[in-house]
K.L.:
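Could you have a look at this structure, given as structure tokens, before my questions?
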Amino acid sequence: MEWIPLVSTGLGAAIGVGSTLLADRARWRRDRAGQDLDVRRQLYADYTAALSRIRSALHECAQEDTPTAERTRRVREEFLAPGAYEIRHQLAIVAPPEIVDAARSAFVVLRDTRDLVAAGASVGDVAYGELGERLDDAVAALRAVMRLDLGAAKSITRR
């Protein structure tokens, strides 16, 4: 019977092709997961850096003694410059819900700080200090969930 070698060869070829396809699919999934992680890591770094730049700019504005209209204009400009709004929208697309929620919480405190400084608050005001503490806590919570999402077991950013 001449068909046994043909069947053996065909079966061997099918097994070889199938195992190669499975290995390629597994490698593609692993590479894709690594790329997704890199994208999230970059967005997380960009967002926390934008929050930091906004905070520093607001702090400078709170130290200055400028007329109300000028101060309000400058505070709003400084708040928008780092692009936190845009990055937050990107986070909403690629990050898990707990990251999006924590990012929003930190942003809301920063926005409250913007409004307080625009209204004339200075660095020595009690309300400004309280918002600073709330922001520290919100950013620490944000970094903790970001680190967990990236695979770091514990946050090194805790105060």
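Position 1 is the first residue of the sequence, and the numbers go up from there. Computation of the quantities below employed the complete heavy-atom set of this structure, encompassing side-chain atoms and omitting hydrogens, waters and symmetry-equivalent molecules.
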K.L.:
Quick one: side chains of residues 114-129, donor-acceptor pairs under 3.5 Å with protein atoms, not counting sequence neighbours, listed by atom name and distance.
P.N.:
from : atom 1 : to   : atom 2 : distance (Å)
S122 : OG     : D125 : OD1    : 3.4
D125 : OD2    : S122 : N      : 2.9
Y128 : OH     : H59  : ND1    : 2.8

K.L.:
If I compare all heavy atoms of L110 with all of L58, which pair ends up nearest, and what's the gap?
P.N.:
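Smallest interatomic distance, heavy atoms only, reads O-CD1, 3.9 Å.
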K.L.:
Once you round to the nearest 0.5 Å, how far does CG of D136 lie from CZ of R134?
P.N.:
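D136 atom CG to R134 atom CZ measures 12.0 Å (nearest 0.5 Å).
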K.L.:
Ignoring hydrogens and angles, tell me if any N or O in the side chain of R40 forms a donor-acceptor pair with the backbone of V94 under 3.5 Å.
P.N.:
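Checking the backbone N and O of V94 against the side chain of R40, no donor-acceptor pair under 3.5 Å is found.
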K.L.:
If I compare all heavy atoms of E78 with all of C61, which pair ends up nearest, and what's the gap?
P.N.:
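Reported closest heavy-atom pair: CG-SG, 4.3 Å.
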K.L.:
Give, for atom CG of L135 and atom CG of L142, the distance between the pair rounded to the nearest 0.5 Å.
P.N.:
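Going from the CG atom of L135 to the CG atom of L142 covers 10.0 Å.
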K.L.:
Please determine whether residues L131 and V108 belong to a single hydrophobic cluster, defined as Ile, Leu, Val, Met, Phe, Trp and Tyr linked transitively by side-chain heavy-atom distances below 4.5 Å.
P.N.:
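Hydrophobic grouping puts L131 apart from V108.
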K.L.:
Would you compute the distance between atom CG of L91 and atom CE of M146 and round it to the nearest 0.5 angstrom?
P.N.:
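Interatomic distance, L91 CG to M146 CE, rounded to 0.5 Å: 5.5 Å.
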K.L.:
What residues form a ring-ring contact (aromatic ring centres under 6.0 Å, His included) with F107, not counting sequence neighbours?
P.N.:
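F79, Y85.
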K.L.:
Can you tell me if Y47 uses its side chain to pair, donor with acceptor, with the backbone of A103 under 3.5 Å?
P.N.:
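Yes.
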K.L.:
What is the distance from atom CD of Q42 to atom CD1 of I87, rounded to the nearest 0.5 Å?
P.N.:
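Interatomic distance, Q42 CD to I87 CD1, rounded to 0.5 Å: 9.5 Å.
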K.L.:
Looking at every non-hydrogen atom in both residues, tell me the closest pair between V145 and A102 and how far apart they are.
P.N.:
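Result for this residue pair: CG2-CB, 3.8 Å.
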K.L.:
Within the side chain of S105, is there an N or O that forms a donor-acceptor pair under 3.5 Å with the backbone of D101?
P.N.:
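The answer is yes, because a donor-acceptor pair under 3.5 Å joins these two groups.
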K.L.:
Provide the closest heavy-atom pair for A84 versus I54 in the form atom of the first, atom of the second, distance.
P.N.:
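Heavy-atom minimum between the residues: CB-CD1, 3.7 Å.
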K.L.:
About how many Å separate NE2 of H89 and CD1 of I93, when rounded to the nearest 0.5 Å?
P.N.:
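That separation rounds to 9.0 Å.
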K.L.:
Starting at CZ of R41, measure out to CG of L43 and round the result to the nearest 0.5 Å.
P.N.:
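Reported value, rounded in 0.5 Å steps: 11.5 Å.
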K.L.:
Does E77 come within less than 4.0 Å of R74, counting only side-chain N to carboxylate O?
P.N.:
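Looking at E77 and R74, the cut-off is not met.
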